[in-house]
Amino acid sequence: MKKGFIFDLDGVIVDTAKYHYLAWKKLANELGFEFTLQQNELFKGVSRKRCLEILLELGNIQASQEQFDRWMIEKNEDYLKYITKMDASEILPDVPRVLEFLKNKKAPIALGSASKNAKPILEKVGLLPYFESIVDGNNVTKAKPDPEVFLIAATNLQVAPQDCVVFEDAVAGIQAANNAQMTSIGIGDANTLTEANYNFNDFTEMTDDFLNGLLA
Ligand code: B16
Ligand code: MG
């Protein structure tokens with residue numbers, strides 16, 4: 001049975017959460033309030049639009065649609081300044097080893113991310129050639145935990161959802177994978193990602209034996 005592998009981007013392949021944080025913090029500060037690293041946790045795996053809605057709720061700020069759209073653009077322009085400086089040194093530990101392992105086994109690989117900046121980021125860090133399909137914030141209408149992003153990826157890979165494996169760092173992402181009837185693998189804190197089928201702090205803990213088990 002052919003198995004498909006779907007990777008989330010932010011927090012799984014690269015740590016862009018720190019750049020999202022800096023950009024959201026800058027906007028919050030301009031609007032006159034603080035935005036903490038702890039609050040940034042709420043933003044992981046969440047769409048840009050929903051992040052701004054949460055940020056404005058935190059700052060107790062009302063905005064017209066026009067103003068909301070301007071802040072979305074401003075935040076993204078600031079975020080892109082960090083992204084343009086990214087290179088392969090920002091790939092999280094052992095991600096290339098796992099991608100190379102799966103490629104050698106001829107397992108199809110897709111990206112399933114909420115980010116609308118996913119493709120340029122993969123290009124910047126040099127990992128784009130590993131991905132047969134990129135499904136990101138530009139392709140979906142429903143945010144995680146809705147399974148849409150992963151189901152589109154499975155269709156693109158021509159693999160049945162129940163034969164797909166998802167690597168995710170966000171609770172909503174694990175729920176999306178479970179809702180898609182896929183095998184969910186939490187990358188990060190097991191105490192947070194309690195609904196995952198398997199948990200790893202990072203890819204350095206994931207052995208070739210474990211990967212072979214997923215392929216079986
Ligand atoms: P953008 P993922 C998500 O990516 C991030 O975790 C989340 O913090 C961000 O708001 C979202 O992408 C949208 O990103 O502003 O670049 O479109 O974890 O689903 O890969
Ligand atoms: Mg993520």
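Each ligand, and each atom within it, is numbered from 1 in the order the structure gives.
Residue K116 forms a side chain to side chain contact (heavy atoms under 4.5 Å, CB included) with just one option from N138, D136, N76, and that option is N138. Checked options D8, V14, L9, D10; the residue passing with V12 is D8 (criterion: side chain to side chain contact (heavy atoms under 4.5 Å, CB included)).
When hydrogens are left out, the protein atom nearest atom 19 (O) of ligand 1 is A114 N, 2.7 Å; that is the closest non-hydrogen contact. Regarding atom 5 (C) of ligand 1, its nearest protein heavy-atom neighbour is D10 OD2, 3.1 Å. Remark: minimum distance from atom 2 (P) of ligand 1 to any protein heavy atom is reached at D8 OD1, 2.9 Å. Atom 15 (O) of ligand 1 has its closest protein heavy atom at R48 NE, 2.8 Å. Closest to atom 8 (O) of ligand 1 among all protein heavy atoms lies F43 O, 2.8 Å.
Using a 4.5 Å cut-off on side-chain heavy atoms (C-beta onward), V125 and D87 make no contact. F101 has its side chain within reach of L215: a pair of non-hydrogen atoms, C-beta onward, lies under 4.5 Å apart.
Of the heavy atoms in C51, only side-chain atoms (C-beta onward) come closer than 4.0 Å to ligand 1. If you look at K116 next to ligand 1, the close heavy atoms, those under 4.0 Å, come from the backbone and the side chain alike. Residue V46 touches ligand 1 through its backbone alone, judged by heavy-atom distances below 4.0 Å.
Of all heavy-atom pairs between S113 and V149, the closest is N-CG2, 3.9 Å. Residue I54 comes nearest to V46 through the heavy atom pair CD1-CG1, 4.4 Å, listed as atom of the first residue, atom of the second, then distance.
For atom 6 (O) of ligand 1, the candidate residues are G137, P120, G45; the nearest heavy-atom contact is made by G45. The nearest non-hydrogen atom to atom 20 (O) of ligand 1, considering only G112, S113, S47, comes from S113.
Salt bridge status for D94 with R97: present, with a side-chain N to carboxylate O gap under 4.0 Å. Salt bridge K124/E90: absent, no basic N to carboxylate O contact under 4.0 Å.
Nearest to the Mg ion (ligand 2), among the N, O or S atoms that D10 has, is O. For the Mg ion (ligand 2), the nearest N, O or S atom contributed by D169 is named OD1. Considering just the N/O/S atoms of D8, the one nearest the Mg ion (ligand 2) carries the name OD2.
Close placement of the F210 and F200 rings is indicated, their centers lying within 6.0 Å of each other.
A donor-acceptor contact shorter than 3.5 Å links the side chain of E148 to the backbone of K142. Side-chain atoms of S133 do not come within 3.5 Å of backbone N or O of N156 as any donor-acceptor pair.
Under a 4.0 Å heavy-atom criterion, K144 is in contact with ligand 1.
The contact set between ligand 1 and K44, taken as ligand atoms under 4.0 Å from a residue heavy atom, comprises 6 (O), 8 (O). Within the listing of ligand 1, atoms 1 (P), 16 (O) sit less than 4.0 angstrom from a heavy atom of N117.
In summary, no N, O or S atom of E168 is located under 2.8 Å from the Mg ion (ligand 2).
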